[in-house]
Undergrad: 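Mind looking over this structure? Questions follow.
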Amino acid sequence: MRIAIRGGRLIIPDQGIDAVQDLYIAAGKVVGIGTSPDGFIPDRVIDAHGLIVCPGLVDLRARLREPGQEHKATIASETRAAAAGGITTLCCPPDTDPVIDTPAVAELIKRRAAQVRKARVMPLGALTRGLKGVQLSEMKSLKEAGCVGLSNALRAVENAMVMRRAMEYAATLDMTVFLHAQDAWLGKNGCVHEGELSTRLGLTGIPASAETMAVARDLQLIEQTGVRAHFCQLSTAQAVQMISRAQYDGLDITVDVTAHHLHLTHIDVGDFNSQCHVLPPLRTERDRQALIGGLQRGIITAICSDHQPHDLDAKLAPFAETEPGISALETLLPLALRLVEQNLLSLQETLASLTCNPAEILGLAAGTLTPGGVADLCIFDPNRYWSMREHDLLSAGKNSPFLGWDLRGRVTHTLLGGDLVFELEPEET
Amino acid sequence: MKRQNIQLDAQGRLRHFLSTEGLKRQMLVDILEMAQSFIAVGEQAVKKVPLLRGKTIVNLFFEPSTRTRTTFELAAKRLSADVLNMNISTSATSKGESLLDMLHNLEAMGCDMFVVRHAESGAAHFIARHVAPHISVINAGDGCHAHPTQAMLDMFTIRKHKGEFAPLCVAIVGDIMHSRVARSQIHALTTLGVSELRVVGPKTLIPPEVSKLGVHIFHDLRSGLRDADVVIMLRLQRERMHGAFIPSEEEYFRLFGLTAETLAHARRDAIVMHPGPINRGVEIASAVADGPNAVILDQVTNGIAVRMAVMAMVLGRQQGGEA
């Protein structure tokens, strides 16, 4: 299939390209930027006037619920949702059931995703067997099976010696460790930020120190072991400050933040709104500002969805009994663009945090468009307002605190390897 | 989008009673006034009024309770309502029937009100958000969040013994952290406007940023009690030793137990309250609990009138309210 994308504003953040240029695609690859290759006759022309054309988004963290929780969602349903959100590459954490601690599970996920062909799925392998924090996983086998990094997901490795050994072993294999910083004890049974809100609602809080304690320990171990490390979804101002200091001191660490932590605070939990039950918890306005500041200063370089689709019942219970997480693939781009609208980040920086930066963290040649390179791309209307309703979400999970929000920016087309994997319904365009 | 107060109906009348937070002062005063009118009912030979005849009230207790359930039951019966008691152990709900399924079944049986006690904070809000429009929910205690009828019976008791709220200094002593009673009392007392409200306890039992609710924090019992008009002692759960909140009951009593000696720091005519059940020798000495300043049994008596008032206000809204 030969596709010509005409008249769009092409933004390729890693190359500093931002201009109205046509894009030509053939046999799954980009064959021309700006100028048409000789004798190119497109099978399909996409009119992108007034639209932005950019590399397909790279999402550092999305739960697909398969294997293990297919009643919530499947690889098929969620990669379809990813395509609708302009995401062409996504990374899935190892806390599936069974855990991704054997090559078989990693291969299963990759195979399913390849069958569906809506998005590229990159598994993270378990850092420890069964995520139990006791024995190391067979990291080399996981790497060979396609795992792009290692993580213990939300299960804290309580034993510092085990964490040290895991980092040393990962460093031996030149693999990146993805860290969720939460102290197992300080955050135990907590479901909201510890502070005025947890006091008012009588809910068990998670203090900021649960995050800073873990960041402090892990920073020491990273320095000692020399492992390449990435901190997932920081939530506190203090942790941003600590990371900033460590980066200044020369430690090679990267950080991401979720789109919802950039727009919501613990106040949004209100009277027990279970859609705002997330981990790490939504924190204060000061923390939210610090996360935005972290993005502006380049301490945090990636924005991810931390997509967690749920069945209806998972959110229908008293707050602490509900399951944490937001169905977020399809709101990732509009929520990130909100920062542009609020003049907090430039459009180029925002798109970089969704494309080339996360790709670099994963060590993938994604998140960019080059002549001869893979044609994974996203076309969106930056000015289009839409009021998000439940039926707009293709994800099997309809759990979102952003339902009813007026969002600006909507994906119109997504191409994966040159194939149109998503196109917004014409009557809606 | 304006967030609506789930406790009120479109006319601003009390539809559910879930928390003392977010209600206007006048509404709290109305509850106290109505409770006053029901006090007489309990003193009559025939302790019944026909206000809620034909109404069905379900006591849904997911957490064991004797006293609160009994007073709710008595209150409903004195208003001539039919009462159904359901004690649901957590094992029963884990059999597979979800909480909402159970509620919808009860709705289908034509019930008018759920009185809910649950171990999870927010359970009453959750239920109120999902019941049919004709059903009202009264929170009889949810986790560490709220216990509004207990707080209102305490307000009633304070008003009875002290009159106006404005000049009062109130000290709440003990495990504020885990106390739904304390939270509801704090909201009620700040709304009714006492001159000073204090919480007293070790740092481990004072919740973070509690001063933002409008209270002064004391870690020393004697200074916390100085010149107090009302002393509210909270129950200390024995299992708190395991979470490393306090080292032992003995040391707790030495530091925060109310004795004749520590009570002497409060005003001479101070009243001593306790939501019950009392741990004698842990948070309060027997001599004080049974002494002249204690109004603990009076609280229990008032509890019935206050619960009658809340039930009558919430359910009476549908019949009398239109006129």
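So that the names make sense, note that chain A is the first sequence line, chain B the second, and so on, each numbered from 1.
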Undergrad: To the nearest 0.5 Å, tell me how far B/S121 OG sits from A/R200 CZ.
TA: 12.0 Å
Undergrad: Could you measure the distance from the CZ atom of B/F126 to the OG1 atom of A/T322? Nearest 0.5 Å is fine.
TA: 9.5 Å
Undergrad: Atom CG in B/L99, atom CG in A/L316: separation rounded to 0.5 Å?
TA: 9.5 Å
Undergrad: What is the distance from atom CD of A/E194 to atom CD of B/E209, rounded to the nearest 0.5 Å?
TA: 8.5 Å
Undergrad: Can you check whether B/P208's main-chain N or O pairs, donor with acceptor, with A/T199's side chain at less than 3.5 Å?
TA: yes
Undergrad: Taking A/S274, A/A317, A/S198 one by one, which has the highest count of heavy-atom pairs under 4.5 Å against chain B?
TA: A/A317
Undergrad: Using non-hydrogen atoms only, which part of B/R183 is less than 4.5 Å away from chain A: side chain, backbone, both, or neither?
TA: side chain
Undergrad: Counting only heavy atoms closer than 4.5 Å, note whether B/H130 contacts chain A via side chain, backbone, both or neither.
TA: side chain
Undergrad: Taking only heavy atoms into account, what residues of residues 201-216 of chain A are found under 4.5 Å from chain B?
TA: A/L201, A/G202, A/L203
Undergrad: Can you tell me how far the CD atom of B/E120 sits from the CD atom of A/E321, to the nearest 0.5 Å?
TA: 4.0 Å
Undergrad: In Å and rounded to the nearest 0.5 Å, what is the CD to CG distance from B/E21 to A/D271?
TA: 7.0 Å
Undergrad: Does the plane of the ring in A/F272 sit parallel, tilted or perpendicular to the ring in B/H145? Use 30° and 60° as the thresholds.
TA: perpendicular
Undergrad: Name all residues meeting the side chain to side chain contact (heavy atoms under 4.5 Å, CB included) criterion together with B/Q299; count only those two or more places apart in sequence or in a different chain, and write none if there are none.
TA: B/Q150, B/L153, B/D154, B/T157, B/M273, B/I296
